[in-house]
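Encoded as structure tokens, the structure appears first; notes follow it.
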Amino acid sequence: MKSERLKRSFYTRSTLKVAKELLGKYIIRKVGNKKISGKIVETEAYIGPKDKASHAFLGKITPRNKAEYLIGGHIYIYLVYGMHWQLNITTYKAEKPECVLIRALDLKEASGPGKLCKYLKLDKSFYGEDLAKSKIIWLEDRGEKVRPSQIIATKRIGIDYAGPYWASKKWRFLLKAFKKIWPNT
DNA sequence: GTACAGATTGAG
DNA sequence: TCAATCTGTACT
């Protein structure tokens with residue numbers, strides 16, 4: 001099987017393009033001598049500082065979100081609701097706070113952002129990890145082509161606080177074939 | 001120092 | 001429908 005690790009140049013392009021192309025790619029997580037992996041089937045784009053739903057809205061930098069400003073290909077992970085980790089991958093250039101939230105893999109054990117991190121055993125120790133270099137987590141292209149007609153774009157989830165303009169942006173992308181995983185879509 | 005909301009989930 | 005659970009941020 002063809003299996004190629006995604007390079008820096010994949011991540012440093014425009015965020016919406018990366019968000020769509022991440023669909024169908026595989027995430028590989030090495031724990032000891034075991035590998036945990038799955039296909040990415042749902043993503044969301046966050047384009048700070050103009051995006052009110054982004055943690056980096058208006059160029060805000062805090063100890064929590066500073067990894068969002070790293071060059072494309074780094075992990076930005078944080079805790080929400082006091083109990084769930086969210087895995088984000090930074091995109092575009094350094095100092096540009098843009099990222100893609102990885103929401104789901106093609107497994108029912110990882111069918112949501114919080115469950116995905118639990119499945120991949122991710123936590124704050126992965127903050128700022130470089131997916132282009134890391135030996136414990138990276139992404140692979142296994143040669144699966146995803147056609148635009150297989151991608152569904154919808155509104156992002158759980159960001160109504162950002163107001164109707166940003167909340168209505170269709171920056172959530174998912175593979176048609178896996179729509180059935182989510183009861184509320 | 002205190003108050004409060006949140007890029008969710010799973011149970012009821 | 002709603003509680004669990006805790007960090008970052010904006011106050012005093």
Side-chain angles (χ1 to χ4, degrees), chain A residues 11 14-23 25 27 29 36 38-92 96-129 131 137 139 151-175 178-185:
Chain A
Y11 303 105
S14 90
T15 302
L16 290 177
K17 187 171 278 188
V18 175
K20 276 182 269 193
E21 292 193 16
L22 278 171
L23 296 174
K25 298 294 187 292
I27 186 161
R29 163 82 170 102
I36 304 172
K39 184 162 75 173
I40 297 169
V41 297
E42 183 180 1
T43 62
E44 267 177 26
Y46 286 86
I47 304 184
K50 64 179 180 182
D51 181 358
K52 198 175 178 191
S54 166
H55 292 153
F57 180 54
L58 298 181
K60 191 171 62 168
I61 302 181
T62 67
R64 179 205 198 192
N65 77 1
K66 66 176 190 239
E68 204 174 349
Y69 289 80
L70 295 171
I71 191 168
H74 287 80
I75 287 180
Y76 166 39
I77 193 167
Y78 67 91
L79 196 63
V80 274
Y81 302 115
M83 49 200 323
H84 298 295
W85 293 98
Q86 305 274 130
L87 174 64
N88 295 252
I89 298 175
T90 65
T91 54
Y92 205 44
K96 301 289 181 185
E98 305 192 8
C99 67
V100 175
L101 168 64
I102 308 300
R103 290 186 56 87
L105 305 180
D106 65 338
L107 300 156
K108 67 173 180 283
E109 298 81 15
S111 59
K115 290 161 76 177
L116 183 150
C117 288
K118 194 177 167 192
Y119 173 73
L120 293 174
K121 302 191 193 308
L122 300 176
D123 57 35
K124 194 151 196 174
S125 66
F126 287 81
Y127 193 88
E129 187 80 12
L131 291 169
I137 184 165
L139 300 186
I151 297 175
I152 301 172
T154 75
K155 292 192 293 184
R156 291 176 290 176
I157 303 295
I159 54 153
D160 289 341
Y161 64 86
Y165 178 75
W166 292 109
S168 66
K169 286 277 180 199
K170 294 191 171 179
W171 286 352
R172 173 178 178 232
F173 304 102
L174 47 108
L175 287 179
F178 292 92
K179 194 184 176 187
K180 60 179 185 293
I181 290 181
W182 306 279
N184 56 349
T185 44

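Chain naming here is simple, since letters A, B, ... match the order of the sequence lines and numbering starts at 1 in each. The model shown is predicted, which means the values in this text are computed figures rather than measured ones.
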Roughly, in whole Å, what's the span from [atom1] in [X] to [atom2] in [N]?
| X | N | atom1 | atom2 | value |
| --- | --- | --- | --- | --- |
| A:R64 | B:dA7 | CZ | P | 7 Å |
| A:L79 | C:dT7 | CG | C1' | 7 Å |
| A:D160 | B:dA5 | CG | C1' | 14 Å |

Of A:L101, A:L116, A:V100, which is the lone residue that meets side-chain contact (heavy atoms from CB on, under 4.5 Å) with A:L87?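 For A:L87, the side-chain contact (heavy atoms from CB on, under 4.5 Å) test succeeds with only one of A:L101, A:L116, A:V100, which is A:L116.
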
Looking at A:H74, A:K66, A:R64, which one forms a side-chain contact (heavy atoms from CB on, under 4.5 Å) with A:Y127?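 When A:H74, A:K66, A:R64 are each tested with A:Y127, the side-chain contact (heavy atoms from CB on, under 4.5 Å) holds only for A:K66.
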
Between B:dA7 and A:Y78, counting only base atoms on the nucleotide and side-chain atoms on the residue, is there a donor-acceptor pair under 3.5 Å?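 Pair found.
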
Hey, is the side chain of A:K115 poking within less than 4.0 Å of OP1 or OP2 on B:dG10, counting only N and O atoms?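 Yes, within the criterion.
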
Face-to-face contact A:Y161 to B:dA5 six-ring, under 5.5 Å, under 30°: no

Go ahead and name the base partner of B:dA5; Watson-Crick or wobble counts if both distances stay under 3.5 Å, otherwise write none. C:dT7

Value rounded to 0.5 Å, distance of CD in A:E21 from CD1 in A:I151: 8.5 Å

Interatomic distance, A:I89 atom CD1 to A:I40 atom CD1 [nearest 0.5 angstrom]: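 Here the rounded value is 5.5 Å.
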
Any idea how A:W166 and A:W171 line up, ring-wise: parallel (<30°), tilted (30 to 60°), or perpendicular (>60°)?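 Judged by the thresholds at 30° and 60°, the geometry between A:W166 and A:W171 is tilted.
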
Residues from residues 47-60 of chain A lying under 4.0 Å of DNA chain B - heavy atoms: A:A53, A:H55

Please tell me if the side chains of A:L131 and A:I137 come closer than 4.5 Å, counting only heavy atoms from C-beta onward.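 With C-beta onward as the side chain, the pair touches.
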
